[in-house]
Amino acid sequence: MTERHRDRDACGIGFVADRLGRPSRRVVDDALEALCRVKHRGAVASDARTGDGAGVLLPLPHDLLAPERDGPVAVAMTFCDPRAADVFVRITERACDEERLQVLRWRDVPVHEGALGDAARASLPVIRQAILATPPDDDPEGGERRCFRARRRAERALRAAAVEGYFASFSTRVITYKALCAADQLAAFYPDLTDGGLRAWFALFHQRYSTNTAPGWTRAQPLRMIAHNGEINTIRGNQVRLAARAGSLGSEPLCPEELLDPPLDPAGSDSAMLDEALELVVRAGRPLPHAATLLVPPAWEGRMVDPDVAGFRRYNACLSEPWDGPAAVVAADGAVVAAWLDRNGLRPLRVAVCEDGTVACASEAGAVPLTGRGTVRRTRLGPGELLCIDPRRGGLIPTDRLERSLASRRPYRAWVDTYLRPMDEGGPTRPGDDVEARQVAAGYTREDLTVMLRPMAVDGAEPISSMGDDTPLPPLARFSPPVSGFLRQRFAQVTNPPIDHLRERAVMSLTTRIGRRGPLLRERPEAAALREYPSPVLYPSAVTALIAEGATVLDATFPVTAGPTGLAAACRRIAAQAVAVVRAGAEVVIVSDRRAGRDRCAVPAALPQPVNDERVVGGTC
């Protein structure tokens with residue numbers, strides 16, 4: 001079950017739901033049919049049977065899995081290595097005991113291996129369901145938090161014991177059935193899905209398309225809360241920033257901080273990490289739509305927006321950086337079903353609202369059968385738009401009403417007006433007589449000045465060039481380029497259309513906030529106490545103002561006489577100093593190479609990293 005990570009997907013996704021929350025068999029059948037209709041969104045292995053993975057996420061079928069139990073139950077849907085199945089069971093039961101979840105029984109999930117291809121069958125895990133009783137005094141949210149903690153405890157123990165195991169779902173409300181099979185074989189593989197007693201008021205479906213890695217059982221979607229089409233291009237930054245806040249996420253009373261270290265599984269895909277982050281925020285107390293717009297915010301700057309909604313958006317930006325796509329996401333937590341696009345809107349979601357109360361959403365038109373459902377109103381989600389179905393609040397909630405409702409949960413606008421400090425990025429200054437020497441020290445070439453910088457300065461536009469590049473690879477070049485020449489963009493550029501200047505102005509933002517980030521899982525006024533700049537590029541005068549306000553400056557140079565080994569020593573020194581000063585309370589750290597000159601070499605800014613895997617917690621470097 002070991003798989004590579006950092007994979008991307010371009011998949012078929014969607015959901016079928018009754019906006020009044022009425023369960024029926026037809027919802028399940030329509031979702032399975034829709035899954036078959038998006039089979040072309042996946043691929044097939046050389047055995048002509050193994051797919052990229054497909055699945056559905058449903059409300060927990062209490063009558064099917066625990067008909068003998070009158071009280072509330074939870075179900076853990078598990079995949080485990082056949083060679084360590086007994087160890088997996090013991091670890092899971094121990095974690096459940098710690099959370100007062102009583103294991104009523106283990107159920108071997110009925111499967112039909114003939115629906116799988118040879119490759120999928122060779123890696124088939126043991127698929128079992130742990131049927132659990134929750135404490136009778138728990139409310140629904142309390143039961144979900146117990147399940148969350150039990151799963152995190154079990155995952156930590158499994159890693160420590162080097163046992164391969166995976167929880168496809170662990171909840172009192174929802175369950176995930178997924179497999180490494182073609183979309184039209186999922187129901188054949190899981191007889192549970194064709195049981196006439198399985199009824200649901202919603203069903204999420206997903207057909208995976210694995211673009212650059214081998215498919216695997218755990219990569220199949222839906223995950224525990226979402227199904228995702230696209231890629232999170234900012235995933236490395238999202239992961240690192242959240243990992244840096246481990247220990248100060250404000251997780252109480254959800255769970256002890258040590259259970260969230262690391263906050264995200266570093267071996268997970270971009271979809272899995274987004275799912276984990278969304279689940280974490282929801283379990284800590286925010287509604288699903290709030291968590292969605294916190295992590296994947298729409299473009300709103302420069303538009304006519306209600307002041308309270310704008311305050312809500314600005315406050316969210318102080319807590320979390322955007323998880324930017326292109327991405328289309330459908331999600332459910334058992335009480336609410338939602339769908340949204342990222343701010344670019346480059347992955348489609350088509351919506352059909354039927355007269356009989358059915359709402360269908362899919363990555364393409366025609367995926368969900370709608371015959372016999374009365375009049376159908378068809379639409380599509382726009383960039384950054386959020387669709388929400390909440391039967392407790394009347395069904396389908398319009399986007400504008402949803403935004404105003406979320407913005408009214410707290411006085412976000414007042415918090416931002418009180419604490420957030422708008423700052424000036426400064427202005428250009430006349431270069432000194434040593435500008436040419438500094439350009440040489442920074443690695444600029446005459447080609448950079450004439451081909452790239454001059455058109456940008458004269459015309460205010462990026463230079464135009466062809467896709468062909470005959471420049472030698474940096475390690476093979478006759479003249480060694482700067483460190484930046486050895487770095488490459490890491491995102492799925494091939495699958496994304498180019499961003500024109502009109503869309504760029506409408507959906508992208510340069511606003512940058514620096515300072516000590518507040519706990520992600522709590523909402524406090526002080527979390528908005530950051531400096532807000534209109535651009536990530538600061539002129540020297542703005543940097544000087546930061547230093548005057550108490551920012552810590554680290555010298556990023558080393559003596560020329562230290563030779564090549566001096567660079568490595570300087571990197572270790574800078575990283576260790578950054579960790580030390582932030583732990584001592586520094587909010588802003590400036591890494592400066594201003595001392596570079598004839599006797600001192602500059603350390604390239606991309607090189608220093610924290611030493612011994614230590615985290616820089618609570619500050620901005």
Side-chain angles (χ1 to χ4, degrees), residues 236-237 240-241 243-245 248 421 423-445 448 453 474 479-487 512-517 530-531 533 535-621:
R236 177 61 178 167
V240 170
R241 289 187 180 101
R245 299 164 76 172
S248 59
R421 295 177 55 192
M423 305 293 289
D424 183 8
E425 77 270 36
T429 57
R430 184 177 182 84
D433 296 335
D434 62 342
V435 61
E436 185 172 346
R438 290 191 285 120
Q439 289 173 341
V440 172
Y444 282 94
T445 65
D448 293 330
L453 294 181
F479 300 101
S480 182
V483 169
S484 58
F486 291 81
L487 307 179
T512 302
R513 299 163 188 86
I514 65 173
R516 186 185 299 276
R517 297 283 174 158
L530 302 176
R531 298 172 176 85
Y533 292 90
S535 167
V537 179
L538 303 186
Y539 289 98
S541 59
V543 177
T544 301
L546 272 175
I547 296 173
E549 290 187 7
T552 302
V553 181
L554 303 182
D555 177 29
T557 66
F558 64 97
V560 173
T561 55
T565 60
L567 176 59
C571 288
R572 288 192 292 268
R573 170 182 58 80
I574 296 169
Q577 288 176 342
V579 171
V581 298
V582 169
R583 287 183 170 173
E587 293 190 9
V588 178
V589 177
I590 298 173
V591 181
S592 171
D593 61 1
R594 282 187 175 180
R595 292 185 61 193
R598 184 183 300 274
D599 300 323
R600 299 188 67 82
C601 293
V603 176
L607 291 183
Q609 296 290 332
V611 294
N612 300 326
D613 196 32
E614 291 190 84
R615 297 181 177 89
V616 179
V617 179
T620 300
C621 294

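Position 1 is the first residue of the sequence; numbering continues from there. This structure is a prediction, so every number in the text was calculated from the model and none was measured.
Applying the side chain to side chain contact (heavy atoms under 4.5 Å, CB included) test to Thr557 and every residue at least two apart in sequence or in another chain returns Asp555, Asp593, Arg595, Ala596, Arg600. For Ser541, the side chain to side chain contact (heavy atoms under 4.5 Å, CB included) partners at least two apart in sequence or on another chain are Tyr539. Taking the side chain to side chain contact (heavy atoms under 4.5 Å, CB included) definition, one finds that Glu549 meets it with Arg421, Met423, Arg531, sequence neighbours left out.
Listed here is the closest heavy atom pair of Ala586 and Thr552: CB-OG1, 3.7 Å. Here the closest heavy-atom approach between residue Phe558 and residue Ala602 is recorded as CE2-O, 4.3 Å. For the pair Ile574 and Ala556, the tightest heavy-atom approach, listed with the atom from each and the gap, is CD1-CA, 3.7 Å.
A 4.5 Å side-chain heavy-atom check between Thr512 and Leu538 finds every atom pair outside the cut-off. Contact annotation: the side chain of Pro540 approaches that of Arg594 to within less than 4.5 Å [non-hydrogen atoms, C-beta and beyond]. No side-chain heavy atom of Arg573 sits under 4.5 Å from any side-chain heavy atom of Leu554.
Here the straight-line distance linking atom CG of Leu607 with atom CG of Leu567 works out to 6.0 Å at 0.5 Å rounding. Note that CG of Leu546 and CD of Glu587 are 11.0 Å apart. Values are rounded to the nearest 0.5 Å.
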